[in-house]
Amino acid sequence: TIVSPPGTSEHQIGLAADITDQYYQYKNEELENTALYQWMSVHCAEYGFIVRYPKDKTDVTGVMYEPWHFRYVGVDVAKGVN
């Protein structure tokens, strides 16, 4: 599935990174079952990151669920501090 047209990726502007387990070679929903994702989903906000395309927000983002795609938004925003 193509999720972003060429030239529109958050990766290109330096705001996003795909983080995967070195022992898990596929980028699909099963990645959420790895120890790495479990840790990242709990702790990423401490470092200013969010899961950019969460499972329960596909209707809002318009992009399929991507448990490997983390975007930097800053610690305050990631933790929901206003």
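On a predicted model such as this, the values are computed, not experimentally measured, just so you know.
Annotation: the span from W39 atom CH2 to I19 atom CD1 amounts to 9.0 Å, rounded to 0.5 Å. One distance of note links CD of E29 with OH of Y37; it measures 10.0 Å at 0.5 Å rounding. Remark: C44 SG to Y72 OH distance equals 12.0 Å, nearest 0.5 Å. For the atom pair CZ (R52) and CG (L15), the distance works out to 9.5 Å, reported to the nearest 0.5 Å. Atom OG1 of residue T61 and atom CG of residue D56 lie 9.5 Å apart, to the nearest 0.5 angstrom. A distance of 11.0 Å separates NE2 in H11 from CZ in R71, rounded to the nearest 0.5 Å.
Contact detail for A78 and G48: the closest heavy-atom pair is CB-C, 3.8 Å.
Using a 4.5 Å heavy-atom threshold, the side chains of K27 and H69 count as separate.
Hydrophobic cluster membership is shared by V51 and L36, with clusters built from Ile, Leu, Val, Met, Phe, Trp and Tyr side chains linked at under 4.5 angstrom. Linking Ile, Leu, Val, Met, Phe, Trp and Tyr residues whenever their side-chain heavy atoms come within less than 4.5 Å leaves V77 and F70 in two separate clusters.
For Y53 and Y65, the ring centers sit 6.0 Å or farther from each other.
Side-chain N or O atoms of Q38 include one that pairs as donor or acceptor with a backbone N or O of E32 at under 3.5 Å.
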